[in-house]
Amino acid sequence: MLNTLIDAAGAGRRSVAWLGRMMGYAAGWCFIGTAGLITFDVLARRFLGFSTQATTELSGYALAFGMAWGLSHTLSMRAHVRIDVIVNHFPDRIRYWLHLTSLAFLAVLIGYLFYGAWTLVEESMLFNATDISVIRTPLAIPQGLWAFGIGIFLLLILALLIECSLLIVAGRGAEAEFLLHSRTYQEEVAEALEAVGEPNAAEIAKSIQPEVKP
Amino acid sequence: MIAVVFLLILVGIMLGMTFTGHAPSGELMGEILLLVGLFVLFFGMGIYVGAALGVLGLIVGYAFSDRPFWLFIGQTIWNPSSSFVLVAVPLFLLMGEILLRAGLSDRLYRTLNIWLNRMPGGLLHTNIAASGVFSAISGSSVATAATMGSVALPFFKDKPYDPKMVLGSLAAGGALGNLIPPGITFIIYGLITETSVGALYVAAIGPSILVVALFIAIILMKAKTAAPRDPDGPRYSWGEKFRSLIDLLPTAILILIVLGTIYGGLATATESAALGVVAAIVLAAIDGKLNFKMLNDSAEATARNTALIGLILFGAYLLNYVFTALGVPQALAKLVSEMPLPPWAIMLLIIGFYLALGTFMEGFSMMITTIPVIFPVVTALGYDPIWFGVIVVMLVEIALISPPDGTVLYVLQGMRKDGGPITDVFSGVLPFMLVYILAVGILMIFPSIALWLPTVMR
């Protein structure tokens, strides 16, 4: 019974995570586009004598979009910052529950933030608020996309919360920890070495001992 | 360990002052201690830093504020989310990710080696220079240590260098990245404190030169024993030397574009970051390294690291909104300025506090968490905001390489093949760390090292 539930929760969590992953890539490409837009504006201003006069606003929206849409993927990659120096010294049972508590805190915060973001979108729609740039962007559009990113993040947190609680109750806490623990040095080193094209990245990273406190 | 001891001492001093009646308002002191206690508890439990800050903000808001603060949450976090200043952060991160994948590190090290090889201290200078340049590009200290370790360590195989100094100089070089402009830490500081990022970059020039000069001095002092001259070492002709410069040309052009436009007043930090991204893509394309996978990987890493900073900013802005509504920073500033201690003593305590905190907290989180509260105190004491920005960034960097906690040191230890003990890395980095702290001291006595240039250029 419990295992069926876990499987179902896992499937749900994975589909939200997949969406979050796609959104993460969209966020990244959005930053590449922003770089292009700003560069174009700088060059046009300098050499062609005109400016889009909306670049400041548009790049700001791109940041809000990118920041919010990247949140879920970052959680799936376990890259949100936690301080785990003390946590790692606790016995398994306590540690699993601490991981869950940490996630619950995140759910509370993001719940409030989503509520706040959504209220803001509603207000912008109500007053037909626009920015002061030449294109008079209706603020509800960038704010809506931003709120959507936060909403999916909340959904992913809740899905993870359900799946991991079930896992811990079922005595499979190690699997929950696998989903929640923060990134290790080995993972970061492997990523950096892969990026510079080191062929044995994974092996070198594996040979690095975890930090041992004296 | 050192960190915990220092923080306990700090709490002890605060408690002591409360009981001896030196603190003007004991009640506020109690509340502050309660908050600090909750902070420590949350962080100790491994709560996500952003969530710890934000939830604390909610608790404080519900407990002490009689205004419906939750109505303003949306606006409070929308403002930093869409700030043009902050756009520079993902753009600089993106530039670094692209350059990381463009095969820069290897060539950089080889060229610098050809030029610095015959200096007393030889490759040790190359370590500092290459690590410094690379960490300025990459933004992540662990990534810097890993890449520099993999590029540099093979050069030292079968050479009579002292492994302590080799590892120490690699770690120390990595601690220059955020101080030498354009670092992302300065942008975050500028955003939170509403100081000019450009002015911070200008102010960082003097201190950067100071620290680099001190590092070189350390190597020259130790050159005789740590880096004996290798009579069989390769000699390069001037022709070869100048030809090698072609490899450095892309880096030089990039630095010129990014820093030149900022310092020349032609572009804001955000604009020059955008130019840097485009230039990095062009350079990668010239090298034949540009492809979809590479760009896609860079995009992914950028999105991840931006969201990571974003979550912490959300929590911090929420907490800060509640704090400001309650007048906490002002009250704290007043409290501190009424303490029976001279400003420099309080500044020393703040510096110690950052050094301690930095041993287990990574730079961004530390800054976003503490600056909103500490900054009003610092300005109330009469210190210059720009000067303090430079000091904080230096402290963040020192924390990165302070044994026995610095992450970078463990990564380097893992990269070496000779199987020596970790204490080699510790004792190797120690002299560099001490002169870095010395540089902070010098900057305290002569603030004009940082502040002279901004006034001249204004």
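Note that the structure is predicted; figures quoted are calculated from it, not measured. Chain letters run A, B, ... following the sequence lines, proteins first, then strands; residues in each count from 1.
Counting heavy atoms from C-beta outward, Arg82(A) and Val49(B) have side chains that stay 4.5 Å or more apart. Contact of the Leu109(A) side chain with the Leu318(B) side chain is registered, since non-hydrogen atoms from C-beta on lie closer than 4.5 Å. Using a 4.5 Å heavy-atom cutoff, the side chains of Arg21(A) and Glu300(B) are not in contact. Looking at Leu75(A) and Tyr48(B), their side chains come closer than 4.5 Å, going by heavy atoms from C-beta outward. Residues Leu120(A) and Gln75(B) form a side-chain contact, since some pair of their non-hydrogen atoms from C-beta on lies under 4.5 Å apart. The shortest distance between side-chain heavy atoms of Phe84(B) and Ile38(A) falls below 4.5 Å.
Residue contact with chain A, scored on non-hydrogen atoms closer than 4.5 Å, involves the side chain of Leu58(B) exclusively. No part of Ile94(A) comes within reach of chain B, as not one of its non-hydrogen atoms sits under 4.5 angstrom from that chain. Looking at Ser83(B), only its backbone comes within 4.5 Å of chain A, counting heavy atoms on both sides. For chain A, the nearby parts of Ile77(B) are the backbone and the side chain; heavy atoms of each come within less than 4.5 Å. Both the backbone and the side chain of Leu63(A) come within contact range of chain B, judged by heavy atoms closer than 4.5 Å. Both the backbone and the side chain of Met67(A) have a heavy atom closer than 4.5 Å to some heavy atom of chain B. For His73(A), the part lying near chain B is the side chain, with the backbone staying farther off; criterion is any non-hydrogen pair under 4.5 Å. At a 4.5 Å heavy-atom cutoff, the contact between Leu193(A) and chain B is made by side-chain atoms alone. For chain B, no part of Leu37(A) is nearby; none of its heavy atoms comes within less than 4.5 Å. Interface remark: Thr119(A) contributes no atoms to any contact with chain B (heavy atom separation under 4.5 Å). For Ala117(A), the part lying under 4.5 angstrom from a heavy atom of chain B is the backbone only. Neither the backbone nor the side chain of Phe114(A) comes within contact range of chain B, judged by heavy atoms closer than 4.5 Å.
Paired with Leu311(B) under the rule side chain to side chain contact (heavy atoms under 4.5 Å, CB included), one option of Thr74(A), Val81(A), Leu106(A) passes, and it is Leu106(A).
From Phe42(B), atom CZ reaches atom CD1 of Ile83(A) across 13.0 Å, with rounding to the nearest 0.5 Å.
Between Glu191(A) and Arg304(B), at least one side-chain nitrogen of the basic residue sits less than 4.0 Å from a carboxylate oxygen of the acidic one, meeting the salt-bridge criterion. Here Arg46(A) does not pair with Glu271(B) in a salt bridge; the nearest charged N to carboxylate O distance is not below 4.0 Å.
Between the side chain of Thr39(A) and the main chain of Ala274(B), a donor-acceptor pair closer than 3.5 Å is present.
Between Trp29(A) and Phe292(B), the distance separating the two ring centers is shorter than 6.0 angstrom.
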Return all side-chain donor-acceptor pairs below 3.5 angstrom for residues 140-159 of chain A, not counting sequence neighbours, or 'none' if the list is empty.
residue: Gln143(A); atom: OE1; partner: Ser124(A); partner atom: OG; Å: 2.6
residue: Trp146(A); atom: NE1; partner: Ser81(B); partner atom: OG; Å: 3.3

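In plain terms, the two heavy atoms of Ile47(B) and Ser102(A) that are nearest each other are CA-OG, 3.4 Å. Here the shortest heavy-atom pairing between Ala303(B) and Ala27(A) reads CB-CB, 4.0 Å.
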